[in-house]
Structure formats: C-alpha cells, structure tokens
Engineer: 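What follows is a single structure, and I will ask about it in a moment.
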2 protein chains.
Amino acid sequence: MGAEGHADGTVGKALDVLDMVASHGRPVRFSDLLAQADYPKATLYRLLQTLTHQGMVSLDPDTGTYALGVRLVRLAHAAWAQSSLAPIARPYLDELAEKTGETIHLAQMDLGQVLYVDKRNAARPVEMFAQAGKVGPAYCTGVGKAMLAYLPPDALEAALARQSFYRHTPHTLASREALLAELQAIRDRGHAWDREEHEAGIICCAVPIRSRQGRVMGALSVTSTTARTTLDALGAQAPMIKDIAAQIAAAAESWRFPEQA
Amino acid sequence: MGAEGHADGTVGKALDVLDMVASHGRPVRFSDLLAQADYPKATLYRLLQTLTHQGMVSLDPDTGTYALGVRLVRLAHAAWAQSSLAPIARPYLDELAEKTGETIHLAQMDLGQVLYVDKRNAARPVEMFAQAGKVGPAYCTGVGKAMLAYLPPDALEAALARQSFYRHTPHTLASREALLAELQAIRDRGHAWDREEHEAGIICCAVPIRSRQGRVMGALSVTSTTARTTLDALGAQAPMIKDIAAQIAAAAESWRFPEQA
DNA sequence: CCTTTGGTTTCACTATTTGAAACTTAGTCT
DNA sequence: AGACTAAGTTTCAAATAGTGAAACCAAAGG
C-alpha cells in the first residue's frame with residue numbers, strides 16, 4: 001500500500017517505480033509491479049523500459065524479472081564518498097569503537113527514517129554494504145531521537161508525520177506526545193537514551209552531530225545490551241561520545257569549506 | 001567531456017544530471033553544473049529541483065551546493081542485497097581469500113566498465129563502501145577481460161566502443177586488435193591474466209562467472225604482486241578459482257530459481 | 001484448437017517539459 | 001553611495017514528451 005502523496009513529474013514516477021523494485025527482496029516480474037502500482041500497464045512498462053535502458057534496473061532476459069541495476073551501486077559509492085559525514089567520521093568511529101569496545105552506529109536522517117551510514121561491530125569485522133544502507137525507525141532508536149530532538153520545527157513536523165509509533169517493546173514511546181516530551185528531555189540532557197525501546201535487551205546512548213549553525217548532520221551512538229552493562233555505565237561515556245561527535249562535526253565542516261581566509 | 005549519446009526522455013536527463021553531481025568528488029554549485037552540462041539554465045535548475053525534492057541529491061542551504069542524497073545509499077543497499085551475485089558469493093570469497101591469502105575481487109560489467117561489487121583484502125579487513133562500488137577499465141584488468149571474452153557479439157561491440165585503450169603501462173593491450181586476440185586466447189585457456197597491464201607490479205588471474213546458459217554474470221580474480229609471486233604460481237591456482245566461480249554460479253542460479261520441480 | 005495469462009505495441013489526446021528572457025539578490029568595483 | 005556583475009530563480013507560450021485504453025502477440029494450459 002504505497003501511501004505516496006504526490007510524485008512530481010515523470011522523474012518522480014520513475015523513481016517511485018525504482019523504489020517499488022527495491023522494496024521486494026528479489027527480482028520481480030512485471031505483473032507483480034503492475035499489481036502493486038497504480039500506474040496503467042503501458043505507463044509502467046515504459047517507465048521500466050527507461051529505467052532498464054538507463055541501467056538503474058536490470059531485466060533478466062531468462063526469467064523476465066526486474067532487479068535493481070548495478071549503476072546504483074556505483075552511484076551509491078559516490079554518494080557515500082562525497083557525503084560530508086561518513087568518510088570523514090571513519091577514523092573517529094574506529095577510535096570510539098576501540099575505546100568503548102561496543103557497537104557504534106553512525107546515522108543520518110532520510111525522509112523521517114534513520115539511515116545507518118556506517119557501523120563498527122563489537123564482535124565481527126565491518127560489513128559495510130550488509131549493514132550500512134539499512135534503515136530503521138526514528139521514534140524508537142537512540143540515533144533517531146537524538147536527531148529529531150534538534151530538527152527545526154517544520155522538518156520535525158514532516159518527520160513526525162512519517163512515524164508509525166508501532167510498539168516494538170513495552171518501553172517503546174508509542175505516541176506523539178510521549179515522544180515530544182522525550183525530545184525535550186534529550187535537549188535538556190544533551191544526549192538520547194534507547195531504553196530497550198526498539199529491541200528488548202538492547203540499550204544505547206546517542207548524541208546528535210550538529211554543524212556550527214546548529215543544523216543536524218547526523219547522530220552517533222554506542223550500543224550495548226542489558227546483559228553486559230547498564231544505562232548509567234553507558235551514560236558515563238556520554239561526555240566522550242559528545243566530544244567525538246563535536247570533532248566529527250568540526251572535521252566535516254572544515255572539509256566542506258576548504259577555502260578559508 | 002561528457003560524450004553522452006542520447007539521453008532518453010526526461011528521466012534520462014535527470015539521471016544524467018545525477019551522474020554529473022556524482023562525478024565531482026565534492027558538493028558542486030549550480031554554476032559548475034551549468035558549465036559542464038549542455039542543458040539550458042532553467043532546465044538544469046528544474047531537474048535539480050526535482051532530484052532534490054526526491055531525495056536523490058541534497059542541497060546544502062548554507063553553501064548552495066548539491067551533493068548526492070542519502071536515498072541513493074538506501075537504494076544501493078537494496079541493489080547490492082538483491083543482486084544475484086554479491087550477497088551469495090560472500091562466503092565463497094571468504095573461502096578463496098583464506099585459501100590463497102591474496103586479494104580477491106568480485107566484479108560485474110556496467111556499461112563497458114568493470115564494477116567491483118565485493119572485495120577481500122589480503123592485509124586489512126573488508127572496507128566495503130570504500131572499495132566496492134568503484135569502477136575500473138575493462139580492457140586492461142583481469143576481471144574485465146574475463147568478462148569481455150564471453151560476452152555475446154553485440155554486447156562485446158558496445159563494450160569495446162566504450163574502451164579508452166589508454167596505455168597505463170608498457171604491457172597494456174592498447175588496441176582493439178590486440179585485445180580481440182587476447183580474448184580468443186582467454187577463451188582457449190579458460191582464464192584471463194593481468195600481466196601488469198593496469199598497474200606496474202600488479203598481476204592477477206581472473207575467471208568469468210557464467211550461468212548455465214552461458215551468460216556472463218560477473219568475474220572473480222585473485223590479485224598479487226610480482227614481488228610476492230609469479231604468473232605461473234598464480235596460474236596453478238586457476239583450477240581452484242574456476243571451481244569456486246562455478247560454485248558461485250550454481251548458487252546464484254538456484255537462488256534465482258527457488259521454485260523447482 | 002481454443003482460451004487464458006503475461007507481456008508488448010499503437011496512436012490520438014494532453015499534460016508536462018522546455019528555454020529565451022525577464023527578474024532578483026548578493027557581491028564588487030569606482 | 002551608486003553602478004556594475006555574477007549567480008540563482010521565476011515566467012509563460014510553444015513544443016515535445018508522456019499518457020493509457022485498447023489492440024496485439026506469444027506462450028502456456030486445457
């Protein structure tokens with residue numbers, strides 16, 4: 001049930017179709033897409049043809065199924081590399097991972113959802129594509145709430161409108177009001193908690209990464225389990241996490257303004 | 001400069017602009033793009049506005065610069081995950097990396113260029129985004145030649161037309177004729193060499209990954225240096241590499257056809 | 001052999017895109 | 001200041017590109 005508001009122009013429709021292809025985990029047949037979309041047959045067909053011709057989706061000639069094209073992987077590499085945050089934050093994440101020994105997440109906001117752009121796993125080595133690029137909910141994750149708390153009013157409104165407020169655990173803040181109160185608490189405190197709100201047993205401490213002008217660029221979190229540590233112990237590391245977030249922000253900004261007086 | 005043939009429709013133009021934004025390593029200003037593109041001002045402006053609105057590029061309000069949007073990272077995650085090759089090949093790459101102790105590349109063909117979709121580095125741990133998603137030339141790399149050698153005539157022709165034949169090293173096959181002869185040799189031999197054709201001191205042995213119907217799905221290579229080993233020593237591992245390539249092909253196909261008699 | 005299902009093409013109708021030119025800002029120079 | 005210039009944004013009639021009902025084709029199944 002794609003609750004799409006208003007796809008602007010042909011390009012919007014094409015990208016909408018691209019998302020539809022992406023939303024299935026596997027290659028999809030034309031008729032599957034037709035059933036899902038509310039575009040007429042011919043229109044959908046032409047859009048897919050264009051996308052295929054452009055390398056954004058690939059049509060398997062044997063099975064007649066569409067999958068996302070390799071051109072996207074190339075574009076994403078560029079997107080990641082030129083994002084002001086991820087490539088610059090890399091060494092800082094390494095440092096934080098080593099100091100804490102816990103799982104580290106670096107996230108950005110994408111249409112009201114949390115997009116993980118980098119990660120350090122406590123146990124295994126980095127698994128970028130398999131981990132980064134994933135999305136999660138904003139209202140019930142540490143990084144999500146940390147970013148929401150510092151969004152300007154209109155952006156916050158837009159983001160809130162996209163939250164499902166599904167109650168993942170008994171601790172989930174499952175209403176707009178509860179979330180707004182929490183956001184105020186986060187602003188007062190300077191960092192966000194995840195008190196097993198998304199997954200039972202998983203807690204985290206997250207801080208926003210903000211530009212000098214106060215714009216939210218992303219968020220950084222240290223995640224652990226109730227089996228291994230407590231909120232208080234995590235909180236003791238908050239100043240260090242904040243410090244690293246500030247360093248990342250500074251590095252990102254000086255990269256974005258290489259020319260200086 | 002951009003020798004674009006014929007961008008079909010508005011969508012093609014929009015994606016063309018997306019590529020332009022991607023091609024710069026850093027955020028670009030409107031006028032930079034205007035200079036590079038041969039679209040009129042108003043058209044380019046509208047295209048960028050649409051792309052921005054769609055989250056494919058982001059406009060930094062402070063600097064007035066455009067960068068690729070986070071939506072791409074999310075799409076690429078899906079692209080990588082649903083590609084028939086990369087996620088499935090993962091354990092096989094691990095195995096090959098361990099057995100050989102050398103650098104492993106997994107590549108696919110993208111518009112006449114080689115796109116690296118996964119990698120195992122001999123020394124460091126995996127660095128996916130920083131490595132995968134990169135593109136390289138086809139005519140002077142092991143994986144490139146391995147794929148070219150088994151392409152159907154029309155696809156080969158299209159790919160050849162996109163090769164620059166720049167002489168990277170004294171060993172580079174810098175002409176269409178030399179390359180065609182080499183491709184025949186590869187078909188006879190069953191695997192491709194890179195005899196320091198792209199970078200001095202770097203050699204590799206590559207094999208294609210082909211479906212049962214013979215379609216080229218990708219290529220797999222083991223890379224080393226002349227300081228550490230020789231072509232002959234690498235060649236001794238060719239049967240094993242071929243075997244793993246066959247296993248990957250089989251796994252990819254059974255994944256693509258989960259329903260069976 | 002006839003029917004169904006899934007995919008591709010046609011073509012008159014229309015909505016979207018186009019781009020020269022006019023208009024704003026925001027700097028810079030004298 | 002006031003007059004220039006560069007960079008970005010908006011307008012609007014003309015033209016192009018997109019639309020989608022319906023016809024068509026091919027392969028699978030009865």
Side-chain angles (χ1 to χ4, degrees), chain A residues 2 4-21 24 26-54 56-69 213 256-261, chain B residues 2 4-21 24 26-54 56-67 69 154 213 256-261:
Chain A
E4 294 313 315
H6 44 85
D8 50 358
T10 319
V11 176
K13 287 175 200 167
L15 295 177
D16 184 27
V17 171
L18 199 61
D19 269 345
M20 283 180 11
V21 176
H24 296 81
R26 306 169 153 269
V28 271
R29 273 169 317 128
F30 176 76
S31 45
D32 298 331
L33 292 170
L34 184 60
Q36 183 185 3
D38 43 340
Y39 298 115
K41 221 180 180 186
T43 300
L44 180 65
Y45 181 73
R46 234 173 321 99
L47 287 172
L48 279 168
Q49 217 171 232
T50 305
L51 287 171
T52 304
H53 188 64
Q54 291 292 327
M56 299 298 280
V57 309
S58 67
L59 170 59
D60 185 322
D62 301 331
T63 60
T65 55
Y66 294 92
L68 293 179
Q213 295 87 42
R256 274 174 53 219
F257 305 113
E259 63 290 310
Q260 40 100 8
Chain B
E4 292 316 315
H6 43 85
D8 53 356
T10 319
V11 176
K13 287 175 200 166
L15 295 177
D16 185 27
V17 171
L18 199 61
D19 268 344
M20 283 181 11
V21 176
H24 296 80
R26 307 168 153 270
V28 271
R29 274 170 312 130
F30 177 75
S31 46
D32 298 331
L33 293 170
L34 185 60
Q36 184 185 0
D38 44 339
Y39 299 115
K41 222 179 181 186
T43 301
L44 180 65
Y45 182 73
R46 233 171 324 97
L47 287 172
L48 279 167
Q49 219 171 232
T50 305
L51 287 172
T52 304
H53 187 63
Q54 291 292 329
M56 299 298 280
V57 309
S58 67
L59 170 58
D60 184 322
D62 300 332
T63 60
T65 55
Y66 292 92
D154 54 337
Q213 295 87 42
R256 275 174 52 221
F257 304 111
E259 62 290 312
Q260 37 102 8

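Quick note on labels: first sequence line is chain A, next is B, and so on, each numbered from 1.
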Engineer: Taking all atoms of both residues into account, what is the closest heavy-atom pair of A:G64 and A:R29, and its distance?
Structural biologist: O-CG, 3.9 Å
Engineer: OP1 or OP2 of C:dT18 sitting under 4.0 Å from any side-chain N/O of B:R46?
Structural biologist: yes
Engineer: What residues form a side-chain contact (heavy atoms from CB on, under 4.5 Å) with A:T52, not counting sequence neighbours?
Structural biologist: A:V57, A:L59, A:Y66
Engineer: Could you check how far CG of A:L44 sits from C1' of C:dG7, rounded to whole Å?
Structural biologist: 11 Å
Engineer: For B:R29 and C:dT25, give me the distance from atom CZ to atom P, rounded to whole Å.
Structural biologist: 20 Å
Engineer: Name all residues meeting the side chain to side chain donor-acceptor pair (under 3.5 Å) criterion together with B:T65; count only those two or more places apart in sequence or in a different chain, and write none if there are none.
Structural biologist: B:T63
Engineer: Could you tell me which non-hydrogen atom of B:L18 sits nearest to which non-hydrogen atom of B:L51, and how far apart they are?
Structural biologist: N-CD1, 4.2 Å
Engineer: With each end axis built from five pairs of C1' atoms, what bend angle do you get for the helix from C:dC1-D:dG30 to C:dA21-D:dT10? Round to 10°.
Structural biologist: 30°
Engineer: If you find the nucleotide of DNA chain C closest to A:T10 and the one closest to A:L59, which residue's nucleotide is nearer the 5' end?
Structural biologist: A:L59
Engineer: Is any side-chain heavy atom of A:L33 closer than 4.5 Å to a side-chain heavy atom of A:Y39?
Structural biologist: no
Engineer: Could you state the CG-P distance from B:D38 to C:dA20, rounded to the nearest angstrom?
Structural biologist: 12 Å
Engineer: How does protein reach along nucleotides 22-30 of chain D, written 5' to 3' as B (base within reach of a heavy atom under 4.0 Å), S (only sugar-phosphate), or - (no contact)?
Structural biologist: ---------
Engineer: Can you see if the side chain of B:S31 gets near the phosphate of D:dG8 - specifically, an N or O under 4.0 Å from OP1 or OP2?
Structural biologist: yes
Engineer: At their closest point, which heavy atom of A:V11 faces which heavy atom of B:A14, and how far apart are they?
Structural biologist: CG2-CB, 3.7 Å
Engineer: Starting at atom CZ of B:F30, determine the distance to atom P of C:dT25, rounded to an integer number of angstrom.
Structural biologist: 17 Å
Engineer: Just grab all the salt bridge (Lys or Arg N to Asp or Glu O under 4.0 Å) pairs involving residues 33-48 of chain A, residues at least two apart or on different chains.
Structural biologist: none
Engineer: Whole Å only: how far is the CD atom of A:Q49 from the C1' atom of D:dG18?
Structural biologist: 13 Å
Engineer: Would you say the side chain of A:L15 lies within less than 4.5 Å of the side chain of A:D19, judging by non-hydrogen atoms?
Structural biologist: no
Engineer: May I ask you to evaluate whether A:K13 reaches the phosphate of C:dT16, defined as a side-chain N or O under 4.0 Å from OP1 or OP2?
Structural biologist: no
Engineer: Are any of A:Y45's side-chain N or O atoms less than 4.0 Å away from OP1 or OP2 of C:dT8?
Structural biologist: yes
Engineer: Between D:dA21 atom P and A:L34 atom CG, what is the distance in whole Å?
Structural biologist: 11 Å
Engineer: Would you mind reading off the distance between B:L48 atom CG and D:dA7 atom P, rounded to a whole angstrom?
Structural biologist: 16 Å
Engineer: Take atom CG of B:L47 and atom P of D:dA17, then tell me their distance rounded to the nearest Å.
Structural biologist: 13 Å
Engineer: For B:Q54 and A:G12, work out which heavy atoms get closest and say how close.
Structural biologist: NE2-CA, 3.5 Å
